[in-house]
Novice: 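Please see the structure below; I have some questions.
When reading the values below, keep in mind they use all heavy atoms of this one structure, side chains included, and skip hydrogens, waters and symmetry mates. In what follows, residues are counted from 1 in the order of the sequence shown.
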Amino acid sequence: MAERRAAARAAAEPDFLQFNDLACETVGGRVIFATNEWFAPAANLLKREPPQFITSAFTEFGKWMDGWETRRKRIPGHDWCIIQLGVPGLIYGFDVDTSFFTGNHSPYVSIQAGCLDEPPTFTLDGDRTGMAASDSQLAAVAKLGSEVWPELVPVSELQPGYSDCCHNYFKVNFTHRVTHLRLNMYPDGGISRLRVYGVGQRDWSSVSTRQDVDLVALTNGGVCLGYSDAHFGHPRNMIGFGRAANMADGWETARRLDRPKELKVDQRGILQVPGWEWAVFRLGHPGVISSIEVDTNHFKGNFPDSCRIEACSLTPKEEAQCIRTRWESGKWQVLLPPQKLRPHHRHLYSEAELTLTRPVSHVRLIIAPDGGVSRLRLWASKL
């Protein structure tokens, strides 16, 4: 296979970062309780955008910070909040980001998890800056018993928010579905973002075998397992909610350096180039794919020239082997033959254009020579 190897990851960057952020506000994650939000509201923890720092920005309560920051505690206890995941599922790791909290970060953190059959009815609304939990809010949250939820991250030290140490990664070994988290800071201070990396879990027993669903969507348990390059945007963005908000909300690779000096096309107008980029996904449930959507929304001068999609069915053991070999050992078969792509366009492919009629569990999107795709949808009926 002609491909450019992705740049080596930093040794400190864990593998779970390629999974989905199950708590991000864009997938419905929200903070439903916080003990204190004096300097900055806890809702900031779940923003999609990276934190920023504005030197001259102040509020009537003090320095404006793009994160969650409590007042300096002068009473017994510690500060904590409850987060409702946008997509319930299995959690593999956390990034507790303290960016820009350099003299005011929380020195220690722990994280607990719960799986609630009925989500709480209370929530936090409006600008919470300068506020603390009321007696009624404390009474309502006490009914959750969150203080005894299983501990995913024990009490652990956090590094301050300088650029070379602000990402505090915690790998998780917890095999139960999670709907809510309790984030504890000890005793007070600030955290800019909480990223909750995992795989969604849907109750498939309620889905009819005659119902077409997007099997690769993050809400249905789809997850990225590997890719060749993600210079400007991660492949996991392609299985997110709705249509992409902008180019940053899609997958975009760097320009390949092995592009011919002069480009040529075949009889279909598809560029003849030696290399390509790829991304592999495990479907949330095996199924027979009946239609496909490849959306290049927002990619106007940097869309791929063409794409094709391959698929296969793998056992967990075979998947593990493929991950070790960077997917060079997969049993790939063509699902969608090479297709010429257009800029800023929603490409729809029907069953008549697909070449596989058997159930599959994994797919590989291949783009040539490089560029950006905002969304990938694989519609199918489950097995």
Novice: Going by ring pair (Phe, Tyr, Trp, His ring centres under 6.0 Å), name the residues that satisfy it together with W379, two or more places apart in sequence or in a different chain.
Specialist: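 Here no residue qualifies.
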Novice: For the pair D249 and R48, find out whether any cationic side-chain nitrogen is under 4.0 Å from an anionic carboxylate oxygen.
Specialist: yes
Novice: Would you please say whether a donor-acceptor pair under 3.5 Å links the side chains of R236 and N20?
Specialist: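 No, N20 and R236 have no side-chain donor paired with an acceptor closer than 3.5 Å.
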Novice: Quick one: do the T70 and D188 side chains pair a donor with an acceptor below 3.5 Å?
Specialist: no
Novice: Between R255 and D370, is there a side-chain N and carboxylate O pair less than 4.0 Å apart?
Specialist: no
Novice: For R177, which residues count as a side chain to side chain donor-acceptor pair (under 3.5 Å) partner, sequence neighbours excluded?
Specialist: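 Scan of R177 (side chain to side chain donor-acceptor pair (under 3.5 Å), adjacent residues dropped) gives none.
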Novice: Who are the ring pair (Phe, Tyr, Trp, His ring centres under 6.0 Å) partners of H176, not counting sequence neighbours?
Specialist: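 If we apply the ring pair (Phe, Tyr, Trp, His ring centres under 6.0 Å) test to H176, skipping adjacent residues, the hits are F174.
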Novice: Taking the six-membered ring where the residue is Trp, are the ring centres of W64 and F58 under 6.0 Å apart?
Specialist: no
Novice: Closer than 4.0 angstrom, basic N to acidic O: yes or no for E25 and K47?
Specialist: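 Looking at E25 and K47, the cut-off is not met.
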Novice: Identify the heavy atoms of T179 and P88 that sit nearest to each other, and give their distance.
Specialist: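 Reported closest heavy-atom pair: CG2-CB, 4.0 Å.
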Novice: Search all heavy atoms of F299 against all heavy atoms of M247 and return the closest pair with its distance.
Specialist: CZ-O, 3.6 Å
Novice: Ion pair present between D95 and R193, side-chain N to carboxylate O less than 4.0 angstrom?
Specialist: no
Novice: Distance alone, cut at 3.5 Å: any donor-acceptor contact between the side chains of E277 and S228?
Specialist: yes
Novice: Cation-pi check for W278 against R326: NZ or CZ below 6.0 Å from the six-membered ring centre and within 45 degrees of the axis, yes or no?
Specialist: no
Novice: Do other residues, nucleotides or ligands put more than 12 heavy atoms under 6.0 Å from the CZ atom of R358?
Specialist: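 Above 12, so yes.
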Novice: Would you tell me whether N246 and H298 have side-chain atoms, one donor and one acceptor, within less than 3.5 Å of each other?
Specialist: no
Novice: Between H231 and E252, is a side-chain contact (heavy atoms from CB on, under 4.5 Å) present by the stated rule, with each step listed?
Specialist: CA-CA 7 Å; H231 195 82; E252 184 182 359; over 6 Å; no
Novice: What residues form a ring pair (Phe, Tyr, Trp, His ring centres under 6.0 Å) with Y186, not counting sequence neighbours?
Specialist: H78
Novice: My understanding is that a hydrophobic cluster links ILVMFWY residues whose side chain heavy atoms are under 4.5 Å apart, including indirect links. Using that, what else belongs to the cluster containing I32?
Specialist: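 I32 shares its hydrophobic cluster with F33, W80, I82, L116, F122, L138, V141, L144, W149.
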Novice: Assess whether a salt bridge exists between E262 and K264, defined as any Lys/Arg side-chain N lying under 4.0 Å from an Asp/Glu carboxylate O.
Specialist: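 K264 and E262: not salt-bridged.
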Novice: Salt-bridge test for K171 and D15: reply yes if a basic N is under 4.0 Å from a carboxylate O, no otherwise.
Specialist: no
Novice: Of all the heavy-atom pairs spanning S350 and S291, show the shortest one and how long it is.
Specialist: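 Heavy atoms only, the tightest pair is CA-CB, 4.5 Å.
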Novice: Decide whether F101 and I191 are clustered together by the hydrophobic rule: side chain heavy atoms of Ile, Leu, Val, Met, Phe, Trp, Tyr closer than 4.5 Å, transitively.
Specialist: no
Novice: Between the side chains of K331 and E318, is the shortest nitrogen-to-carboxylate-oxygen separation below 4.0 Å, so that they form an ion pair?
Specialist: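 Yes, this pair counts.
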Novice: Does the ring center of F19 lie less than 6.0 Å from the ring center of Y92?
Specialist: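 Yes, the ring of F19 comes within the 6.0 Å limit of the ring of Y92, centre to centre.
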Novice: Could you give the distance from CZ (R364) to CH2 (W327), rounded to the nearest 0.5 Å?
Specialist: 9.0 Å
Novice: I'd like to check the ring pair (Phe, Tyr, Trp, His ring centres under 6.0 Å) partners of F100; sequence neighbours left out, ordered by chain and number.
Specialist: F53
Novice: Inspect the contact between D266 and R268 and indicate whether a charged nitrogen and a carboxylate oxygen are less than 4.0 angstrom apart.
Specialist: no
Novice: Just checking D117: does its CG atom have more than 12 heavy atoms from other residues, nucleotides or ligands closer to it than 6.0 angstrom?
Specialist: no
Novice: Can you tell which of R377, R346, R375 makes a salt bridge (charged side-chain N to carboxylate O under 4.0 Å, His left out) with E293?
Specialist: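 Answer to the salt bridge (charged side-chain N to carboxylate O under 4.0 Å, His left out) test with E293 among R377, R346, R375: R346.
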Novice: We want to know whether T123 and R30 form a side-chain donor-acceptor pair, criterion being a heavy-atom distance below 3.5 angstrom.
Specialist: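 Yes, R30 and T123 have a side-chain donor paired with an acceptor closer than 3.5 Å.
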Novice: Give a yes or no on whether D135 atom CG has more than 12 heavy-atom contacts from other residues, nucleotides or ligands under 6.0 Å away.
Specialist: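 No, CG of D135 has 12 or fewer neighbouring heavy atoms, counting only those of other groups under 6.0 Å.
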